2 protein chains.
Amino acid sequence: MELRQLGAFVTVARRASFTRAAEELHLTQPAVTRQIAALESELGVLLFDRLGKSIQLTGAGETLLGYAEHIQRLTDEAHEALSELAAGRAGRIAIGAASTLATYVLPPLLTRFRQAYPGIELSLRTGLSARVRELVLSGVVDIGLVTSEGEPTRTDGALLSESLGVYETVLAVPPGHTLAGRTRVTVDELAGESLLAMTEGTNLRTYAEHVLADAGVVVSVTMELDSVEAIKRMVEAGLGVSLLPRVAVATEVDAGRLVALTLTGVPLPERHIVVLRRGDKHQSGPLTAFFTLLHQ
Amino acid sequence: MELRQLGAFVTVARRASFTRAAEELHLTQPAVTRQIAALESELGVLLFDRLGKSIQLTGAGETLLGYAEHIQRLTDEAHEALSELAAGRAGRIAIGAASTLATYVLPPLLTRFRQAYPGIELSLRTGLSARVRELVLSGVVDIGLVTSEGEPTRTDGALLSESLGVYETVLAVPPGHTLAGRTRVTVDELAGESLLAMTEGTNLRTYAEHVLADAGVVVSVTMELDSVEAIKRMVEAGLGVSLLPRVAVATEVDAGRLVALTLTGVPLPERHIVVLRRGDKHQSGPLTAFFTLLHQ
DNA sequence: AGACCTTACGGTAGCCGTAAGGATC
DNA sequence: GATCCTTACGGCTACCGTAAGGTCT
């Protein structure tokens, strides 16, 4: 039993004629006869009564017709569903992202993506960059967004890394701070400031320590928090300053509740937004679309 | 997309290996590769990620797997259902029968048939013999049971007739009747009796008139009824005698409420129980089984 | 080196179209 | 005689198995 045979059978049954079915199927009439004969032989039943002038479904034929139409509908749906997937109009993307990126970078991207591809399911898992990397490697997520120092070009095994651009870190101070009138600040000038920092293990904390150590500046970490949002509130309240991603303070800066100072001073390492994916895993239609959006 | 390809795909997906799927399918491994490749090419999607050591379903693969397993289940069910039909263990028989046969002959037959083939649906339509004949010709019923005078051997067009045996007609009289002590009676002796008869148009009425006319006997039809059951009650009540099928009075004779006299006298035409069917229509498994039962 | 999937190549089985045959109306 | 389905025959497509080639562990 093959789908071609079932298709021929359904057509013959609907048209009640081998000849007209052959026309519809773009086959010759003997070819249709053989398709039906093969089915009848395999199933051990007669599917049509040949009444000379006309033909008529037998009971077995009616039974098979029910199944055959059901099967045809399913194959049509399968074709449809897969062509939707291939065209990127349907499917599912699992994204892993470092927490700050998930909070401050992804929302506008996902909003635009959702508008362009409303049929695609999105799932998001957040965590530390190292954890996101594991999720990508294990295939739990299709794509990972993390931060990293320097331009990542190494392809660690099956893992591909691409930079989406620089992820600028700024000094956030409250409006009344002595540095608040400035637009730039060197790392040296941070000496003596009380710094609010993320907990250890986060890329943001590691980066801050790296920058300060390179400059030989000793800064007291007066408070350690596990939330960028909490740090911003503390800075607003005048409890200190902090090194934060520029995108994370954009709203507060626009509203005048915080001032963002560009860090200068040599040598200042750059952080990048990095997208991670497995090179040996198939890139589905939706994922390709998402990639295109990321690179804009 | 063909069922063979879907079968290969499902096997590969379940075993998570082309090699092991090939073993299960009794194919070589390259053959399996080509089946999957053909599917991927036709559908325009990758179904498996080839990760060197192992393979993994893609999103498109998982989507197709759902459809493919559904389709496989349906084809299995279709096979099953049709083999049930072929074996005579399932199906449906539509029977047409003359009213007296339906009442007095069919019940024990159908009881035995139901015991032997409990899976087969039975439908019964009753009517005059001429009407049953039409039902068989038009294909509304698969088989017809009627009465006819003489052995029917003619094949009227597509209609096949076979006799199942003689359908004896007897004279039914009440126990107190003057003939009640006899076991046989000639047609001549009916002269002067008051006869209860079926309405005109029934085979029973036609037969009775035929027999009486042949013998040159004039009998007054004192009452005309359209029910054999009603006639029997009238005869029991002493309102007359009647020519009835022996099987129709068997119960009353056994109970002593009626006496059945065998008709003799030359020439006495015989009635037969006749089974009608279309020769050009397929005889399904269940129908064959029913035929076998009828001929026992 | 071993395991696994893919590609290449030659042979065969199955399907198709043309042509002839048989049955029915 | 016309119509419709079936059977026969030659040709071609497509699938299979064997063998060689890649790639990753």
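Both backbone and side-chain heavy atoms feed into the values below; hydrogens, waters and symmetry mates do not. Everything numeric here is computed off the predicted structure, so don't read it as measured data. In the text below, chain A, chain B and the rest are named by the order of the sequence lines, each starting its count at 1.
Of the possible donor and acceptor atoms, none in the side chain of B:S41 sits under 3.5 Å from a partner among the backbone N and O of B:A37. Panel note: side chain A:E162, backbone A:V275; no donor-acceptor pair is recorded below 3.5 Å. The backbone N or O of B:V166 sits nowhere less than 3.5 Å from a side-chain atom of B:E270 that would complete a donor-acceptor pair.
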Item checked: Test log, rule side-chain contact (heavy atoms from CB on, under 4.5 Å), inputs A:D142 and A:R277 -> CA-CA 7 Å; A:D142 300 308; A:R277 60 190 169 91; over 6 Å; no
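Comparing the helix axis at one end of the helix from C:dA1-D:dT25 to C:dC25-D:dG1 with that at the other, each defined from 5 consecutive pairs, gives an inter-axis angle of 30° (nearest 10°).
The side-chain heavy atoms of A:V105 and A:L145, taken from C-beta on, include no pair separated by under 4.5 Å. Residues A:Y67 and A:L6 are not in side-chain contact: their nearest non-hydrogen atoms beyond the backbone lie 4.5 Å or more apart. A 4.5 Å side-chain heavy-atom check between A:T11 and A:V32 finds every atom pair outside the cut-off.
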Scan the side chains in residues 117-131 of chain A for donor-acceptor partners under 3.5 Å anywhere in the protein, sequence neighbours excluded, and list what turns up.
| from | atom 1 | to | atom 2 | distance (Å) |
| --- | --- | --- | --- | --- |
| A:E121 | OE1 | A:R92 | NH1 | 3.4 |
| A:S129 | OG | A:N203 | ND2 | 3.1 |
| A:R131 | NH1 | A:E134 | OE1 | 3.2 |

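In plain terms, the two heavy atoms of A:A90 and A:L85 that are nearest each other are O-CD2, 3.4 Å.
A distance of 7.5 Å separates CG of A:L3 from CD1 of A:I71, quoted to the nearest 0.5 Å. With values rounded to the nearest 0.5 angstrom, A:H272 atom NE2 is found 12.0 Å from A:S161 atom OG.
A straight line from CZ of B:R4 to C1' of C:dA13 spans 11 Å, rounded to a whole angstrom. B:E2 places its CD atom 10 Å from the P atom of C:dC15, with the value rounded to the nearest Å.
Contact check of residues 58-65 of chain B against DNA chain D (heavy atom, cut-off under 4.0 Å) returns no residues at all. Contact check of residues 23-42 of chain A against DNA chain D (heavy atom, cut-off under 4.0 Å) returns A:Q29, A:P30, A:T33, A:R34. Near-neighbour residues of DNA chain D inside residues 13-21 of chain A, defined by a heavy atom below 4.0 Å, number-ordered: A:S17, A:F18, A:T19.
Using cut-offs of 30° and 60° for the angle between ring planes, the B:F290 and B:F113 rings count as perpendicular. Between A:F48 and A:F9, the two ring planes are tilted [angle within 30° to 60°].
Salt-bridge check for B:R205 with B:E209: passed, with a basic side-chain N closer than 4.0 Å to an acidic carboxylate O.
Running 5' to 3' along DNA chain D, contacts with non-hydrogen atoms of chain B at under 4.0 Å begin and end at D:dC15 to D:dC24.
Between B:Q29 and B:T33, the side chains place a donor N or O and an acceptor N or O closer than 3.5 Å (distance only, hydrogens not considered).
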